[in-house]
Undergrad: 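Below is a structure I'd like to ask you about.
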Amino acid sequence: QAQLVESGGGLVQAGGSLRLSCAASGRTFSSYGVGWFRQVPGKEREFVAVVFKSGASLYADSVKGRFTISRDNVKNTVNLQMNSLKPEDTAVYYCGAGSTLSNVPSRYDYWGQGTQVTVSS
């Protein structure tokens, strides 16, 4: 069973940048798709980006051109570089690992505990 731990969240002003990291332990996730989702209170978990084992990636329209997902299978980490942040990007960000390239949370088998990102205006 894999354990995922997110880090890198924090408070940043609009227009700023943050880099989130998702580190896996217990099982290598080089064969998994790893995605980032975000959630605000009272709303469903929202897809942000995913990178598959092949390196193929998919982004939500709301973050295209601003966020970049990358993976390092040697270090067993997946990063999310977030630039030009907006107040509406404020949420708890979660990474998940699953066997498919998917934007649907239910397709993911493992989740981290989340990291808070707050963007002030």
Undergrad: Ignoring hydrogens, what is the shortest heavy-atom contact between Arg19 and Ser70? Give both atom names and the distance.
TA: NH2-OG, 4.5 Å

Undergrad: Say you draw a straight line from OH of Tyr94 to CG of Leu20; how long is it, rounded to the nearest 0.5 Å?
TA: 13.0 Å

Undergrad: Working to the nearest 0.5 Å, report the span between CD of Gln113 and CD of Gln3.
TA: 11.5 Å

Undergrad: Is Val104 close to Phe37 at the side-chain level, that is, under 4.5 Å between some pair of heavy atoms?
TA: no

Undergrad: Just checking, is any N or O donor in the side chain of Asn83 or Gln81 under 3.5 Å from an acceptor N or O on the other one?
TA: yes

Undergrad: How long is the span from the OG atom in Ser121 to the NZ atom in Lys86, to the nearest 0.5 Å?
TA: 14.0 Å

Undergrad: List the steps and the verdict of salt bridge (charged side-chain N to carboxylate O under 4.0 Å, His left out) for Asp61 and Lys64.
TA: CA-CA 5 Å; Asp61 287 344; Lys64 277 182 183 176; 3.2 Å; yes

Undergrad: Once rounded to the nearest 0.5 Å, what's the spacing between atom OG of Ser7 and atom OH of Tyr93?
TA: 15.0 Å

Undergrad: Flag the pair Ser21 / Thr77 as yes when at least one side-chain heavy-atom distance between them is below 4.5 Å, and no otherwise.
TA: no

Undergrad: Between Leu4 and Ala97, which heavy-atom pair has the shortest distance, and what is it?
TA: CD1-N, 3.8 Å

Undergrad: For the residue pair Tyr110 and Tyr32, does the interplanar ring angle fall in the parallel (under 30°), tilted (30 to 60°) or perpendicular (over 60°) class?
TA: perpendicular

Undergrad: With a 4.5 Å cut-off on side-chain heavy atoms, are Arg38 and Ser62 touching?
TA: yes

Undergrad: With side chain to side chain contact (heavy atoms under 4.5 Å, CB included) as the test, would you mind laying out the steps for Met82 and Asp89 before giving the verdict?
TA: CA-CA 10 Å; Met82 306 187 296; Asp89 293 319; over 6 Å; no

Undergrad: Can you check whether Gly65's main-chain N or O pairs, donor with acceptor, with Tyr59's side chain at less than 3.5 Å?
TA: no

Undergrad: CG of Asn76 to CZ of Arg71: how many Å apart, nearest 0.5 Å?
TA: 8.5 Å

Undergrad: Are the side chains of Arg45 and Tyr108 in touch, meaning some heavy atoms are under 4.5 Å apart?
TA: no

Undergrad: Quick check: closest heavy atoms across Val78 and Val51, and the distance to 0.1 Å?
TA: CG1-CG1, 4.0 Å

Undergrad: Transitively linked via ILVMFWY side-chain contacts under 4.5 Å: Val50 with Val92?
TA: yes

Undergrad: Is a side-chain donor or acceptor of Glu6 paired with a backbone partner of Gly114 at a separation under 3.5 angstrom?
TA: yes

Undergrad: Please give me the minimum heavy-atom distance between Val34 and Cys22, naming the atom from each residue.
TA: CG1-SG, 4.5 Å

Undergrad: Does Thr90 use its side chain to pair, donor to acceptor, with the backbone of Val119 at less than 3.5 Å?
TA: yes

Undergrad: Taking Val48 as the fixed residue, which of Leu58, Leu80, Ile69 is the one that meets the side-chain contact (heavy atoms from CB on, under 4.5 Å) rule?
TA: Leu80

Undergrad: Return yes when atom CZ of Arg107 has more than 12 non-hydrogen atoms of other residues, nucleotides or ligands closer than 6.0 Å, and no otherwise.
TA: no

Undergrad: What pair of heavy atoms forms the shortest contact from Ser84 to Ser17, and how long is it?
TA: N-OG, 4.4 Å

